[in-house]
Each structure stands twice: as structure tokens, then as C-alpha cells.
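Each chain gets a letter, A, B and so on, in the order its sequence line appears, and its residues count up from 1. Because the structure is a prediction, the values reported are computed rather than measured.
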Amino acid sequence: MIQKKLESFIGEYLKANSCEIQNWSVSANTKQGFGDYSSNIALILSKKIRQNPMEIAEKIVASHNKDESLFSLSATKPGFVNFHISVDYYLNILKKILDEGTDFGKPVKHAKTANVEFVSSNPTGPLTAGHGRNTILGDMVSSILTWHGYNVTREYYYNNAGKQMRMLTESSYAKYAKKIGRDVAPPESGYIGEYLDDIANEIIQKFGKNLDSDSVEFRKFTEKKIFDSIKGTLKSLGIEFDIFSEEQSLYENGAINNVLRRLEELSLSYKKDGATWFKTTSLGKKEDKVLVKSTGEPTYRLPDIAYHIDKVEREFDLIVDIFGADHIDTYPDVLLGLEALGVKTDHIKVIIHQFVTLKKGDEVVKMSTRKANFITLDDLVEQLGVDVVRYFFIMRGANSHLDFDFDLAKDESEKNPVYYLQYAHARISNLIIRYDNEIKEKTDLDMSLLNEKDEVSLIKKLSAFPTKMNELHQSLEPRKLATYLEEVAAAYHKFYGNHKVINLDNIPLSYARKNLCNATQIILKTGLSILGITAPEKM
RNA sequence: GCCCCGGUAGCUCAGCUGGAUAGAGCAACGGAUUUCUAAUCCGUAGGUCACAGGUUCAAAUCCUGUCCGGGGUACCA
């Protein structure tokens, strides 16, 4: 890529002058007036060879062969070396975008596998608005990896062995019992949502009124029904999972006991007060953590260690966990456990996101599945539409808190930047139809006619796409793609506003501009599809 | 107690693997409508980048401390 070439230019200069030095860089400029790229080499070098940086910069500029057509050089103020890339270079990229279409910028060889675990909410009720963030984030991260050539497994892990599910089963039975007139008190702090009434009715229809309280149907049927509803919600958001893994099986196949045994063998666990402790202090932590409570029930750490061993053994090249802030304290323990057992962890990437704070006006809504005072993800989709919902959850970086005012949601949805992107795409579609209707005449494509400021800056923006995607591959932050697409759309709207594409008096220019529009549309389409957002032809 | 995140324009936020003039949207004000879809564009105004030190040729960006706000967590008493 271009940056490498610029770096090697500097590198060769250094070599020719037998200077050995590190820490210098060539970076793209965001500001106007200093060329496309700049290097700080002279500033770094000045200290070492005790020379004025400006003089060094000018020497480097002078060393450049002026016949070189790719770029020209200049030196400015404190001592920057600026690279001005030739327009031809960008025009070539533009051609490449048109040739390669939505494959533009895609790395060819990767053939790797990745596992992305997300949502992983226990099937105790419908997905709430609060789950939306994890859900959307995980799906987009998966898409980013897919685009980069990974064969991605989307995995949903749920805990059906613990207290929550037992409570759900009892709550389900209580609803059933009440409907058929048995005198049964609902469990204390059980689940009370209306969705359980619906399920109870179905159970009556399907299995009749004579089920015992310990019938497996309460657990099985309730779990299945709730899962169906969760899957429905996910489907409406365009998300489908490849695998659902359950905690239960880790008990059944002995994986959990195995972890306990091995930790004991390594003297990394001990009993105290009837509980089993994980000796994390001997692994550099401040305090030990509980693996199995004195009640005999394991804490979340133990099954999660076993589950991660299982994932690692499935030999993915990359394992991504999308976790909410409640895991901040605990996931390091899980990794520690894996390392202690000699399981490789350096290909595990944990993405933690902060929670969403839901508000109604100024009032914060505390959501609880158990108490059934929640706004479902379905509600959001119904009110705002899939595209707005998807965009909404990645408008802030995963690591920042996200405030969501439900009262203003609809209001704000009209101002949602996603429309700005989609409008740019729709505008282009419309324009191309117009163009084909109005201009029948054929002409050769001459991109060099595109030399207006707005045109050039749009072309440069489009050219940055592969670099952006590369960054995205590193950071796995969908927001960065969204930000980039907003910039592309802005550059396009600006160009569109200031220049006519269809001009019957200048067909060659019209044609070149039409191709610029095509290229813009390709980039927008590719980006939007990675975000799982529709690219409309009309708005 | 321990941990995480944030404090940038009136509001909501970008920018934060250090770079040269701190950016958008909304709100305000003024302009563009015989339109290639105005869900757009052009312009004006708006900033001690919480505060204080430090590192550096260079700090909104890195380090330390302080203040303020949000959140998480414990077989926690």
C-alpha cells in the first residue's frame, strides 16, 4: 500500500545516510494543507544528530527524484516532511473500486475460522432492549470477521443448569397451577411476566390439566417456548446462530468435574468453610475466588472455564466473547483458569461493553426480567425499525455508556444518522436511473476530468476504505465503520450539492462523475451490508 | 472494599496506538427550492478539550494526582 512505499522512501534515505533510528512514522493527514501524508522523521532525527529539524526536512525533500510521479514532497514549519500523492494514484483506486465492486478491499487469502459468542442470555424471558447492545455488537463483529475471510460460527451459550432456570420452572408451574385452580403459592421472587401466562395456557392445551408439579414439561416446554421467542426476535433483526451450547452438558460429560480435579491436582484449589476456592492469589491476584459455593452450587467461573476449554478444543483460529459489564471482574479469572490448566488463550479476544441505561424522560428505568418491567427488543424494532435499532446500538463505542430515552426514541429516530447514509445511497440509485434515461451517448471514461475539490476529496475518502477495514479487523469496533460511512456520505452530499452530474453539454465529464457516483455507492453498499443495514434504492 | 467507563461548542457526541489550524449532528441565526429526490447543500455564531502537575521538539490524546458524574461486582457482614 501507499504508506509502505512512503516509509520505504524514508527508510532508503536513512540507509543512504547511514542513520539508524526508530520511532518515526508516516501517517495520513486529516487536516488540509499539509499534503496527504506526513512524516515526523526530521523531528525525531534532529535530536540524535543535533541539527535543526527544518534543515533535515529540506534535505530529505531535496533528495527526492522529481521525476518520480507517485508523489511530491514539501517541508513545513517545525520540520514535517509532507507527501503529496499524485491524483493518478487515487484515480487508479477509483478504477479498482469500479472493477472489483463489493469485493473491493477484501483480503484474498485468510481461510481462518472464528467463533463469536454473544447474546448468551438465559431463556427466562424475552430479549429486552438492554440485550440489544450485546446482540447487535456480536452480529456486527461476526460480519466484520466474515468479510475478512473468516469462517465464523455464531454461538449462543446459555445456562440451563442453575438457579435461574429452576426458578423459571417453578414460576411456570405456579402460573399453570393457578389457571387450573390448584392452590399453589408462586415462588418467592419468581418470574411474573405475562409471557408465562401464555405459556401456561399452551401447556394446558397440549398436556392437559393433570400434570404434576415435578413434570419435566414445565422445564422443557417453557424453555423451548421462550427460546422460540428469542429466536424470533433475533430473526427479525436478521440474526441467526449456528450453535446453541448449554451449560447442562458440561455437567453431564464430566467437563466440570474434570476442571475441578485438575485444579486440585495443581494445588490451585482448596476447601474452606464448605466452599471450594480457586487459589488465584498464587497466580498473582489479590484475593482468592469461590468456584463452588458451600451450597454445592458452582459460581459462574467454574462452568465458564470448562466451556472455554471446550471452545479452545474446537480449534478456532480466533475466539471472541462479547460480554456485558457484569463480566469485567470475572472474565480475567476464567482466562487465568485456562492458563493454569495449560490451555492456550492468546487467541481469545474479550469485548466488554458497558450497559445501556434506559430512561423515560429523566427517570431511569430499572429493567428486570424477573419482575417483568422491561421494554423488549421486539418493541424497539416495532417502533423504530431494524435499521435504526441496529445503528442506534453502535452509535457509541462499546466501552462507553449508552443512554437511551425511550420517550424520545421515535423523535430521535427521525434524526438518526442512518438515514443520512441511506439517503446518499438512494440518491445515487435515482441519479443513475436519471442518467441512463437522459444520456444515451457513449463516451470513453476519463477519470482525470474529476479535478474539482469536492470530487478529489470524495475520491480520497473512498480510497481509504481498505485501510479502514484493516483497522476494523484489529479493533472489531463497528462504530468506526459507521463513522467512516458517515464521512463518505457527507463527502458525497457535498459533491452532489455543489456539482451537477448530468450535464448534456459535457458528456465526458458527466460520464466520469456518474462513475464516481457508482464507486461511492459500492462503498456505501459494502459498508452497510457489513452493519446489516439495508441500502435502499429509494427513500 | 475492589473493578470499569465518562467529563471536548447551549445539547448529544466524534476525534484519543501523541503531531502542525480541535470536528459533526441537533438547537440559534442568514442563504440556496423552474432540484440530477431539500431526509440535502452553503454561510454566521458558538471551545481555558473538568482541574493541577509530569513526560515530550510536540499532549484533547500518554503518566500521576484531585474533583464531579455513570456503571459493575462479592459463597461480600
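- In the interface, the side chain of A:Asp329 is not paired with the base of B:C4 through any donor and acceptor atom under 3.5 Å apart.
- Rounded to whole Å, atom P of B:U55 lies 12 Å from atom NZ of A:Lys47.
- For the pair A:Ala275 and A:Asn29, both in contact range of RNA chain B, the more 5′-proximal nearest nucleotide belongs to A:Asn29.
- Note on A:Arg434: a side-chain N or O is less than 4.0 Å away from OP1 or OP2 of B:U37.
- Residues A:Asn416 and A:Leu384 are not in side-chain contact: their nearest non-hydrogen atoms beyond the backbone lie 4.5 Å or more apart.
- Between A:Arg427 and B:A39 there is no side-chain polar atom (N or O) within less than 4.0 angstrom of OP1 or OP2.
- Within the structure, every pair that satisfies the ring pair (Phe, Tyr, Trp, His ring centres under 6.0 Å) test and touches residues 416-443 of chain A, not counting sequence neighbours, is listed here: A:Tyr420-A:His493, A:Tyr423-A:His493.
- Within the 4.0 angstrom heavy-atom criterion, base atoms lie near A:Ile44.
- The residue among A:His499 and A:Asp403 whose nearest nucleotide of RNA chain B is located toward the 5' end is A:Asp403.
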For residues 42-51 of chain A, which side-chain donor-acceptor pairs fall under 3.5 Å, sequence neighbours excluded?
| unit_1 | atom_1 | unit_2 | atom_2 | d |
| --- | --- | --- | --- | --- |
| A:Ser46 | OG | A:Leu43 | O | 3.2 |
| A:Lys48 | NZ | A:Glu20 | O | 2.5 |
| A:Gln51 | OE1 | A:Lys59 | NZ | 3.3 |

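- Considering every non-hydrogen atom in both A:Tyr484 and A:Lys461, the closest pair reads OH-O, 2.7 Å.
- Across A:Leu338 and A:Thr345, no two heavy atoms sit closer than the pair CB-CG2, 3.6 Å.
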For a quick test of your reading: what N or O donor-acceptor pairs under 3.5 Å do the side chains of residues 525-533 of chain A make, sequence neighbours left out?
| unit_1 | atom_1 | unit_2 | atom_2 | d |
| --- | --- | --- | --- | --- |
| A:Thr526 | OG1 | A:Ile522 | O | 2.7 |
| A:Ser529 | OG | A:Thr526 | O | 3.1 |

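- Residue contacts shown for A:Phe355 are limited to sugar-phosphate atoms, with no base heavy atom under 4.0 Å away.
- Using a cutoff of 4.0 Å between basic side-chain nitrogens and carboxylate oxygens, A:Glu471 and A:Lys480 are not scored as salt-bridged.
- Taking atom P in both B:A20 and B:G15, one finds a spacing of 16 Å when rounded to whole Å.
- Protein atom CD1 of A:Ile41 is 18 Å distant from nucleotide atom P of B:A58, rounded to whole Å.
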- Summary of protein contacts for nucleotides 29-34 of chain B, nucleotide by nucleotide, where a base hit scores B, a sugar-phosphate-only hit scores S (4.0 Å, heavy atoms): ------
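- Side chains of A:Leu476 and A:Lys349 form a contact here, defined as non-hydrogen atoms less than 4.5 Å apart.
- The aromatic ring of A:Tyr420 does not sit over the base of B:A39; the criterion of centres under 5.5 Å apart with planes under 30° is not met.
- Computed from coordinates, the A:Glu486 CD to B:C13 P distance equals 14 Å when rounded to whole Å.
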Are any protein N/O atoms closer than 3.5 Å to N/O atoms in nucleotides 5-11 of chain B? If there are, list each pair with its distance.
| unit_1 | atom_1 | unit_2 | atom_2 | d |
| --- | --- | --- | --- | --- |
| B:C5 | O4' | A:Gln354 | NE2 | 3.4 |
| B:C5 | O2' | A:Asn399 | O | 3.0 |

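- In terms of phosphate contacts, A:Asn430 brings a side-chain nitrogen or oxygen within less than 4.0 Å of OP1 or OP2 of B:U37.
- Applying the 3.5 Å distance criterion, the base of B:A14 shares no donor-acceptor pair with the side chain of A:Thr483.
- Ionic pairing of A:Lys514 and A:Asp436 is present here: one or more N-O contacts between side-chain nitrogen and carboxylate oxygen are shorter than 4.0 angstrom.
- Separating the P atom of B:U12 from that of B:A59 is a span of 29 Å, rounded to the nearest Å.
- Taking atom C1' in both B:C5 and B:U44, the straight-line distance is 37 Å, to the nearest Å.
- For A:Glu297 and A:Arg166, the salt-bridge test passes: some basic side-chain N is under 4.0 Å from an acidic carboxylate O.
- Taking atom C1' on both B:G53 and B:G10, the two are 31 Å apart, rounded to the nearest angstrom.
- In terms of heavy atoms, A:Leu341 sits closest to A:Arg262 at O-NH2, 3.1 Å.
- Base pairing in RNA chain B gives the following stems of 3 or more Watson-Crick or G-U pairs, range against range and under 3.5 Å: B:1-7 with B:67-73, B:10-13 with B:23-26, B:28-32 with B:40-44, B:50-54 with B:62-66.
- Of the charged side-chain nitrogens involved, none lies within less than 4.0 Å of a carboxylate oxygen, so that A:Asp288 and A:Lys279 do not count as a salt-bridged pair.
- Donor-acceptor pairing under 3.5 Å, judged by distance alone, is absent between the side chain of A:Asp326 and the base of B:G72.
- Contact annotation: side chain of A:Ser38 to base of B:A20, donor-acceptor pair present below 3.5 Å.
- In this structure, A:Lys494 reaches the B:C42 phosphate: one of its side-chain N or O atoms is under 4.0 Å from OP1 or OP2.
- The same atom, C1', is picked in B:G46 and in B:C26; the two are 14 Å apart, to the nearest Å.
- Nucleotides B:U8 and B:A50 are separated by 10 Å at their C1' atoms, to the nearest Å.
- Looking at A:Ser39 and A:Leu6, their side chains never come closer than 4.5 Å, going by heavy atoms from C-beta outward.
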